[in-house]
Amino acid sequence: MNKELPKNFETAENEEHWYKIWRASGFFNPDNLDLPEDAPTYTIILPPPNITDKLHMGHASELAIQDLFIRYKRLRGYRTLWLPGTDHAAIATQTVVEKKIKKEQGLSRHDLGRVEFLKKVWEFLGETQSAILNQTEKMGASLDWSRLAFTLDDPRRLAVREMFIKMHSEGLIYRGERIVNWCPRCQSTLADDEVEHETQAAKLYTFKYDAAFPIAISTTRPETKLGDTAVAVNPKDDRYKQYIGQTIAANFCGVPLKLQIIADRNVEMEFGTGALGVTPAHSMIDWQMAEEHNLPIVKVINEDAKIHPGFGPYSDLGVLEAREAIVAELRKNNLLTGEEDISNNLSVCYRCGTAIEPLPSMQWFIAVDKPIERLGNKSLKQIALAAAVDGEIEFNQARFAKKYTDWMTNLRDWCISRQIWFGHEIPAWHKGEEIYVGAEAPAGEGWVQDSDTLDTWFSSGMWTFSTLGWPGTFAGGRKSGDLARFHPTQTMAPGYELITLWVSRMVMMSYYALGEKPFEKVYLHGMVLDKQGKKMSKSKGNGIDPLDMITLYGTDAVRLSLTAGTTAGNDLKFYQEKAEDSRNFVNKLWNIGRFIISQMEDETLPINTAELTLADRWILSKFKHTKSLVTASLESYEYGQAIDILKEFTWDQLADWYLEASKFSRSASTPAVLKLILEELLVMWHPFAPFVTETLWSYLGKPQLLIVSHWPDQNPTEYTDTEAETQFEQIIEAIVAIRNARSVNKIEPAKKLPALIITDSVELYTQNSALLISLRTGLSEMQIISSGQAPAEAIFAQTPNADIYLSVPVDREQEKTRLNKELTDTQSFIERLSKQLANDEFVHNAPPALVAKERARLAETETKAQSLQEQLKKLD
RNA sequence: GGGCAAUUAGCUCAGUUGGUUAGAGCACUUCGUUUACACCGAAGGGGUCAGAGGUUCGAGUCCUCUAUUGCCCACCA
């Protein structure tokens, strides 16, 4: 066969070519896989990327990991479904589009109005979504595109409505006024975990409300004190005990206050004056105190972070202006007794960085502690907690399970309404004070749909089953269609930062809707960082575009650089050199394939075990071992290790030794061995480097595509051949020893007669090794002459026609130094070993096999030391 | 403040339940283009496993403390 393959693997054209063929084959869709009815399923629902931006390296790593799981399972005969989708990411998307129209047209969303604004959002979506899908394809992801979903498309709208109505009818969704994290810029509430904390310099003011007030308080926010309805002190605090229970009127900067003095254990006596002004409407903790003590609630700050009307000169001022004005007033009246610089944690919006205002507001909530009759009177929290504690759902790292349970234990009712325009509409209608919850507006005039939208995690929480046809596939409590076949899914593989935000919600939602877990295993992966270990981000400009890397090094290389040498759940530093290394490896694999293919004959004879060479036997034995290790690693999700093992076999054993040996030492079966190993090796590399493997596979004359080929089973011609391993490895050692000790000098290349190897080390080895060495060096005959003692002239005289001499090192001193060092090391090792073996406790306590091994080793090492000493003597 | 990680060669990281003289890749030094591959091959230098204690016959591995770094949670009015 004459196959002209290019020296380097051509990435771009092969990637495009094969991805097209794969898609056309239909094999990404489990319905098209040729499998027995009862084939096990393996399902991953892709964590849907936000459509706010193109994919970054983190997404690329996520795709590489999931695709390798999927491809591996497909090769193992599973009915594999990897379901793609994108996430509307309500707040994030709205913010991006708002910024965009502000920049391009100078307009705010209010200028455009809700309808026009949403039109703009959908336009924007169209663009980014197609960019994302294109990138995903470029990564070689074998996703079933026929099932593509979006968190805000019609099927998902239906699912979300259904869920909301169901939860509401069971009393899990309720409306209530709560202090929420309000972002005055986004005009929306934020979930607790959407709030970030920034350290900032602040001033702690200490003052009295008025001259007559007996207690001084400390605060960083004097403007909120307009709404104080109590002063809290520690019940143990002797300074204030006498006042507890009293209600004292005060005139605070012209605003009349009625302040109840209450005792609360949470007040720290050491902080400030040990007394806390309670502002129920604008502090989470104060709100809780107000509930406990039945305090009145006075709202001071409005949704625009301005003071409400009715507070005299401070009305309509922004919070900062009001603060200055009040501080000035206190100072004027000599009420301000302290002003201290402290560093304070400021809550800011995770999207826009604006300072959060805690405000009371009417919101929709999901009750997480309410027992659900239908589910054995357990609450969502209890069910979700039990799933992790009982091991129903497995986490790839114990620390992630802990994080999940910790968070779940402390979970409070989940606020699911958001005051933004882009998102799932709430299926609730208002008419005056009346509220109706249902899919359509009730009959009659004047019903207006709730203007809020739902927290994006509400719809994301349903992702594992809303993508599989729920609620349509779940009639009368029974699953049908895709839902029956693919739910619960097997693996969910998001980044670990999504444990609380997303994983937790999926667990609650799935148990609630279906009474079953959403997935069996949570495989959380780390973040992709830059070389300095910093998060990649647009603003820092340290981000790397996966497409750029793919253009430079190819998809296979990018995938390998994101998966090789990584450990489950740990962060990964990515930089260009890594992709370069992987590219080099892909090219090595390409050339191994190219070499074997170039030697393939039209008809390869089957392997005849009786005629195998030593090298054949060695590589087959090694290969068997490699296969079982790789399979075991993948079964335990340790793909980084699987890659390391495969790489070592491919490069260090197959390429460096077996292929070299096969050039000069072959049997009639050697071509078959080469072919067998290449075939199976390509299958094993396929999950990690799909393109180069499929390309090479196409030259093997196989009827089917590699992606639906079969993971190599134990092959009858393979066996563990320890004898071959030992012998061949001795030869390797001998060759290395010679390389080590001698330099090769070329003399008169025209003459072709017996050559000469002068070596001490080779003496130790069998005739086999001499043969192999002679073949390897291209010499037809070889003599082994003991020791390097013979003067060069004598050797030349003995073999005047040799074309190559392997000569002893010229520098005797250097050689002596080397030998001396080795001898010292060996002797100190002997000392250690004998000391240990002289220790009775070791001999008694250590495993007998280990003791025996150590004894043998000691003997071996002593022999080695002797030989080293002899060699040194000769050099003197 | 609480929690979780990490700390191993110049760099990036492996090191499975404690048990051979702690490994790999890159980088570096030297040598080499014989027809798979220079995106290659050969050889070499380089580590008191962050530090201090402890458990053990034996510790990179287990325990305690300390230091540095990162992340998460809570948040002081």
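Note: hydrogens, waters and symmetry copies are ignored here, and every other heavy atom, side chains too, is used. Order of the sequence lines sets the chain letters (A, B, ...), proteins ahead of strands, with each chain counted from 1.
If you check every strand for non-hydrogen atoms under 4.0 Å, A/Thr219 touches sugar and phosphate atoms only. Using a 4.0 Å heavy-atom distance criterion, A/Asn570 is classed as a sugar-phosphate-only contact. Residue A/Lys225 is classed as a sugar-phosphate contact, given heavy-atom separations below 4.0 Å to backbone atoms only. Using a 4.0 Å heavy-atom distance criterion, A/Arg583 is classed as a base contact. Residue-level contact check: A/Ala655 touches the bases, meaning some heavy atom is under 4.0 Å from a base atom.
At least one side-chain heavy atom of A/Leu295 sits under 4.5 Å from a side-chain heavy atom of A/Gln260. Considering only heavy atoms from C-beta on, A/Leu682 comes within 4.5 Å of A/Leu700 through its side chain.
Separation of the P atoms belonging to B/rA38 and B/rU20 is 40 Å when rounded to the nearest angstrom. Comparing B/rC75 with B/rU12, their C1' atoms sit 37 Å apart, to the nearest whole Å. For the C1' atoms, the distance linking B/rC57 with B/rG10 amounts to 38 Å, nearest Å. B/rC26 and B/rU64 are spaced 38 Å apart, taking the C1' atom of each and rounding to whole Å. Spacing between B/rG46 and B/rG25 at atom C1', rounded to whole Å, works out to 15 Å. Between the P atoms of B/rA59 and B/rG51, the separation comes to 15 Å (whole Å). When the P atom is used for both B/rU48 and B/rU61, the distance is 16 Å, rounded to whole Å. For B/rC13 and B/rA6, the C1' atoms lie 12 Å apart once the distance is rounded to whole Å.
One side chain, A/Tyr496 or A/Asp571, offers a donor N or O that lies under 3.5 Å from an acceptor on the other.
Atom-to-atom distance recorded for A/Leu858:CG and A/Leu833:CG is 5.5 Å, nearest 0.5 angstrom.
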Per-nucleotide protein contact along nucleotides 15-32 of chain B, 5' to 3', at a 4.0 Å heavy-atom cut-off (B base, S sugar-phosphate only, - neither), is ----BBB---SS------
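The aromatic rings of A/Phe252 and A/Phe207 sit parallel to each other, their planes meeting at less than 30°, with 60° as the upper class boundary.
Across B/rA14, B/rC57, B/rA36, the shortest atom-to-atom separation from the side chain of A/Asp644 is found for B/rA14. Distances were taken from every side-chain heavy atom of A/Arg594 (C-beta onward) to each of B/rA42, B/rA77, B/rC37; the shortest belongs to B/rC37. Taking only side-chain atoms of A/Lys578, from C-beta outward, the nucleotide of B/rC37, B/rC57, B/rU12 with the closest atom is B/rU12.
Closest of all the heavy-atom pairs between A/Ile326 and A/Glu223 is CD1-CA, 3.7 Å. A pairwise comparison of heavy atoms in A/Arg221 and A/Pro358 identifies NH1-CD, 4.2 Å as the closest pair. Nearest heavy-atom pair, A/Asn584 versus A/Trp651, reported as atom, atom and distance to 0.1 Å: O-CH2, 4.3 Å.
Summarising the geometry, the separation between CG on A/Asp571 and P on B/rU69 is reported as 17 Å, rounded to the nearest angstrom. Protein atom CG of A/Leu524 is 18 Å distant from nucleotide atom P of B/rC71, rounded to whole Å. We find that CG of A/Leu659 is positioned 10 Å from P of B/rA36, with the value rounded to whole Å. To the nearest angstrom, P of B/rA6 lies 11 Å from CZ of A/Phe400. Per the geometry, CD1 belonging to A/Ile262 stands 17 Å off P belonging to B/rA77, to the nearest Å. When rounded to the nearest whole Å, the span between CG of A/Asp406 and C1' of B/rG2 equals 10 Å. Nucleotide B/rU56 holds its P atom 14 Å from the CG atom of A/Asn839, rounded to whole Å. Note: CG (A/Asp656) to P (B/rC37) measures 15 Å, nearest angstrom.
Contact of A/Lys7 with B/rC37 (side chain to base): no donor-acceptor pair of N or O atoms is detected under 3.5 Å.
The existence of a salt bridge linking A/Glu860 and A/Lys864 is excluded, since no basic side-chain nitrogen approaches an acidic carboxylate oxygen closer than 4.0 Å.
Both A/Arg399 and A/Ser218 sit near RNA chain B, but only A/Arg399 has its closest nucleotide nearer the 5' end.
Where RNA chain B pairs in unbroken runs of 3 or more (Watson-Crick or G-U, both distances under 3.5 Å), the stems are B:1-7 with B:67-73, B:10-13 with B:23-26, B:28-32 with B:40-44, B:50-54 with B:62-66.
The residue from A/Leu654, A/Leu589, A/Ile597, A/Val673 that alone fulfils the side chain to side chain contact (heavy atoms under 4.5 Å, CB included) condition with A/Leu678 is A/Ile597.
Residues A/Phe649 and A/Trp685 place their aromatic rings such that the two centres sit no closer than 6.0 Å.
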